Amino acid sequence: MQPANDEIAQLFENLGALLEMKGDSVFKIRAYRRAAETIRQLTFPLAQAVHDGRKLTGIPGIGKAISDKIHELVTTGKVQTYERTRAELPAGALDLLAIPGIGPKTAMLIGAELGISSVEGVEQAAADGRLAALPRMGQRAADSILRHIRATRSMGGRTPIGDALPAAEAVIAALRERGPETALLTPAGSLRRWEETIGDVDLVAVTPNPEELGRALTALPQVRETLVNGPRKTSVILSLDRPSKAQDDSAPGLQIDLRTGEPGAIGAMLQYFTGSQQHNIRLRDFANRMGLSLNEYGITGIESGQMETFADEAAFYARLGLPWIPPELRAGMWELEAAQQGRLPQLVEARHLRGDLHIHSDWSDGSDPIETMIEAAAALGYEYMALTDHSQGLGVANGLTPERLAAQKQVLGELQQRFGLRILAGSEVDIRADGRMDFPDEVLAGLDVVVASVHNAMSQDSPTMTRRIIRAMEHPSVTIIGHLSTRLLGQRPPTDFDLETVLQAALETGTALEINASPARLDLRDTHAYRAREMGIPLVINTDSHHHSELPGGRFGVAVARRAWCEPRHILNTLPLSEFLRFIQTPKPGRLRIFQAAGAAPSGGNV
DNA sequence: GCCGTTTTCGGCCCGACTGTTTTCAGTCG
């Protein structure tokens with residue numbers, strides 16, 4: 001079993017933490033952390049790259065030493081340096097670092113003085129006074145740690161963006177209504193970068209009355225607890241209505257950090273709090289080499305000591321000789337080089353979408369009649385849509401038999417007369433456990449759009465699942481593979497399959513891949529979409545709507561595509577109706593040329 | 001340990017906050 005990128009990243013993350021406890025060079029530690037962060041965001045499996053003999057040292061933050069350690073891990077299953085370092089330190093010390101407020105120094109102290117190596121042990125020691133008795137600790141510090149342990153337990157980790165964004169938008173709307181006048185009140189941080197899960201929600205505001213805005217935030221009805229209420233920063237914890245975690249008995253919470261700045265200087269603050277941390281570190285390094293120093297208030301000449309302020313982000317980046325970089329690209333990967341060289345993509349936007357190709361009605365498990373769904377698509381100004389109710393095998397979803405499907409086609413034909421947009425006959429067809437389709441070939445051949453999806457036997461091993469998906473792609477009638485990994489954020493892990501092999505098959509068969517925009521799925525995920533885009537595979541942003549209110553919900557899928565550096569030309573459903581029809585009417589795999597003629601030739605990898 | 005339109009050596013992002021402290025260490029983002 002080859003180590004996945006996340007496991008390799010975790011090893012370097014841990015190695016950095018261990019060296020920090022030992023008091024090793026902070027620069028070496030930072031280098032390991034940076035490498036870990038980079039590896040997490042890679043769009044190809046490192047282990048495979050090692051086997052293929054590809055050079056790893058061109059990847060940002062990976063030099064000879066770390067490249068050698070990756071080779072060692074992939075070929076031997078271990079890294080000697082890591083094993084040795086871990087053996088030198090108290091067992092369990094790494095677990096203590098997960099407690100907010102406990103860093104490497106405190107973890108070492110607790111391990112050495114009290115022999116404690118678990119979160120529960122620290123909680124006990126904080127409660128019975130042993131923690132407070134340690135040097136450089138005290139009752140207040142021990143109480144703070146105890147509070148943090150209990151808070152972390154009740155928060156339940158990172159929040160899916162589908163829960164965090166509506167909560168943040170509700171807070172912003174409420175503050176606009178009840179708070180003082182604000183010239184700006186906007187999300188920053190991971191929410192503004194549209195990451196799939198959010199730690200804390202960062203809000204940045206410009207207002208003549210910061211204290212009043214802070215007070216208004218603490219007074220909102222959904223606020224459970226106020227952590228900080230200072231002149232420039234207010235932090236609260238919201239009670240979160242999280243239907244996706246309904247089975248959890250702990251009440252989930254979401255921390256909101258609100259910061260206020262001066263109108264003429266908000267550019268630097270918004271940039272700073274949008275991050276990512278890796279992006280900011282690289283940007284500051286870049287600025288240093290220009291003789292400039294960055295902070296959240298402005299840009300300072302290192303020689304002159306003079307600080308300049310900026311009214312918006314574009315002016316801030318312009319002072320560094322760079323174009324404005326969209327937040328979704330600020331990952332600390334390749335975006336600075338692309339910005340310098342004028343190669344930033346013109347990212348796809350929701351307004352570019354001309355159709356939705358994955359829509360359910362009450363004929364299967366949707367909750368609205370077909371007409372209601374069509375009206376909702378027409379209201380968005382779409383040129384086309386595909387109705388794709390489930391196939392017969394999905395009994396729990398009231399899947400359609402071939403007979404009901406034929407009847408539905410008839411209905412669609414009649415409805416077509418009443419609407420301006422083109423209504424395509426489709427189905428979301430089950431990919432059976434062996435890769436066969438859940439409808440006979442002649443039924444599938446009569447449809448305009450076939451979305452083939454895995455809905456059962458999700459625990460198959462990787463070779464089986466890989467073969468199963470590829471067999472579906474090889475079917476001449478399959479237009480799109482739906483929600484490739486079947487994951488549900490925070491609830492169900494992705495299935496196990498060989499991504500590179502599957503993507504290669506998509507390309508060879510001319511099968512499109514769906515970016516499922518349902519915030520519970522976000523599937524393809526960003527890094528997989530990035531790789532697919534690089535290879536020239538047609539991508540489709542679909543809502544998988546089961547209710548008319550979900551049709552305008554494509555924004556989460558658009559965000560995934562933007563994080564994958566997609567331009568409109570990479571997204572199949574930005575094509576005008578005539579070209580889209582030409583695509584689906586041209587047999588596979590030749591239809592790929594229609595898509596690529598529209599501008600989406602493979603772009604080649606970065607490594 | 002990484003990196004280079006000053007450099008293959010000598011730098012390496014920056015500030016806020018907290019709590020324990022008489023000048024700062026540790027942690028966080």
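These figures come from a predicted structure and were not determined experimentally. Proteins get letters first, then strands, A, B, ... in listed order; numbering begins at 1 in each.
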Taking the [atom1] atom in each of [N] and [M], what is the distance between them to the nearest angstrom?
{"N": "dT6(B)", "M": "dG11(B)", "atom1": "C1'", "value": "12 Å"}
{"N": "dC17(B)", "M": "dC12(B)", "atom1": "C1'", "value": "24 Å"}
{"N": "dT23(B)", "M": "dT18(B)", "atom1": "C1'", "value": "15 Å"}
{"N": "dT5(B)", "M": "dG1(B)", "atom1": "C1'", "value": "24 Å"}
{"N": "dG26(B)", "M": "dT21(B)", "atom1": "C1'", "value": "13 Å"}
{"N": "dT20(B)", "M": "dG15(B)", "atom1": "P", "value": "26 Å"}

[X] [atom1] to [N] [atom2], straight-line distance once rounded to whole Å:
{"X": "Phe286(A)", "N": "dC2(B)", "atom1": "CZ", "atom2": "P", "result": "22 Å"}
{"X": "Lys105(A)", "N": "dT20(B)", "atom1": "NZ", "atom2": "P", "result": "18 Å"}
{"X": "Asp68(A)", "N": "dC2(B)", "atom1": "CG", "atom2": "C1'", "result": "14 Å"}
{"X": "Met21(A)", "N": "dA25(B)", "atom1": "CE", "atom2": "P", "result": "21 Å"}
{"X": "Asp143(A)", "N": "dT18(B)", "atom1": "CG", "atom2": "P", "result": "15 Å"}
{"X": "Leu109(A)", "N": "dG19(B)", "atom1": "CG", "atom2": "P", "result": "17 Å"}
{"X": "Ile29(A)", "N": "dC12(B)", "atom1": "CD1", "atom2": "P", "result": "17 Å"}
{"X": "Gln271(A)", "N": "dG15(B)", "atom1": "CD", "atom2": "P", "result": "14 Å"}

For the side chain of [X], counting heavy atoms from C-beta on, which of [options] is nearest?
{"X": "Tyr297(A)", "options": "dT27(B), dG1(B), dA16(B)", "result": "dA16(B)"}
{"X": "Ala141(A)", "options": "dT20(B), dC2(B), dT27(B)", "result": "dT20(B)"}
{"X": "Tyr272(A)", "options": "dG29(B), dC14(B), dC12(B)", "result": "dG29(B)"}
{"X": "Arg136(A)", "options": "dA16(B), dA25(B), dG1(B)", "result": "dA25(B)"}
{"X": "Ser25(A)", "options": "dG15(B), dG1(B), dG29(B)", "result": "dG1(B)"}

Check every strand shown and say whether [X] touches a base, only sugar-phosphate, or nothing at a heavy-atom separation below 4.0 Å.
{"X": "Leu283(A)", "result": "nothing"}
{"X": "Leu294(A)", "result": "sugar-phosphate"}
{"X": "Lys64(A)", "result": "sugar-phosphate"}
{"X": "Ile145(A)", "result": "nothing"}
{"X": "Asn295(A)", "result": "sugar-phosphate"}
{"X": "Arg140(A)", "result": "sugar-phosphate"}
{"X": "Phe273(A)", "result": "nothing"}

Between [X] and [N], does any side-chain N or O lie under 4.0 Å from OP1 or OP2?
{"X": "Thr106(A)", "N": "dT27(B)", "answer": "yes"}
{"X": "Lys28(A)", "N": "dC12(B)", "answer": "no"}
{"X": "Ser293(A)", "N": "dC14(B)", "answer": "yes"}

Fill in: Position toward the 5' end of DNA chain B (nearest nucleotide), Pro100(A) or Asp285(A)
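Looking at the nearest nucleotide for each, Asp285(A) comes out on the 5' side.
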Discussion item. If you assign each of Thr57(A) and Asn280(A) to its closest nucleotide in DNA chain B, which residue comes earlier from the 5' end?
Written reply: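 This one resolves to Thr57(A).
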Discussion item. Less than 6.0 angstrom from the centroid, inside 45 degrees of the normal: does Arg192(A) satisfy that with respect to the ring of Phe273(A)?
Written reply: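 Because its charged atom misses either the 6.0 Å distance or the 45° angle limit, Arg192(A) does not stack over Phe273(A).
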Practice prompt. Carefully, step by step, assess Asp128(A) and Arg130(A) under the rule salt bridge (charged side-chain N to carboxylate O under 4.0 Å, His left out).
Written response: CA-CA 6 Å; Asp128(A) 66 21; Arg130(A) 279 178 295 154; 3.1 Å; yes
Worksheet item: What is the base-pairing partner of dT8(B), counting Watson-Crick and G-U wobble geometry with both distances under 3.5 Å?
Response: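 Partner of dT8(B): none.
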Item to complete: Compute whether any side-chain donor of one residue and acceptor of the other, for Thr43(A) and Arg531(A), lie under 3.5 angstrom apart.
Response: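 Per modelled atom types, Thr43(A) and Arg531(A) side chains form no pair under 3.5 Å.
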Worksheet item: When rounded to the nearest 0.5 angstrom, what distance separates OG1 in Thr527(A) from CG in Asn5(A)?
Response: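 Rounded to the nearest 0.5 Å, the OG1-CG separation comes out at 8.5 Å.
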Practice prompt. Starting at CG of Leu96(A), measure out to CE of Met21(A) and round the result to the nearest 0.5 Å.
Written response: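 Taking CG in Leu96(A) and CE in Met21(A), the distance rounds to 8.0 Å.
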Worksheet item: Would you find a donor on one side and an acceptor on the other, under 3.5 Å apart, between the side chain of Thr85(A) and the backbone of Thr81(A)?
Response: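 Yes; judged by distance alone, with no hydrogens or angles, the pair exists.
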Should the pair [X]-[Y] be classified as a salt bridge under the 4.0 Å nitrogen-to-oxygen rule?
{"X": "Glu335(A)", "Y": "Arg343(A)", "answer": "no"}
{"X": "Arg147(A)", "Y": "Glu225(A)", "answer": "no"}
{"X": "Glu72(A)", "Y": "Lys69(A)", "answer": "no"}

Please enumerate all protein N or O atoms sitting under 3.5 Å from an N or O of nucleotides 5-11 of chain B, with distances to 0.1 Å.
none

Worksheet entry | Partner residues of Phe310(A) under the ring-ring contact (aromatic ring centres under 6.0 Å, His included) criterion, sequence neighbours left out |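 Partners of Phe310(A) under the ring-ring contact (aromatic ring centres under 6.0 Å, His included) test: Phe316(A).
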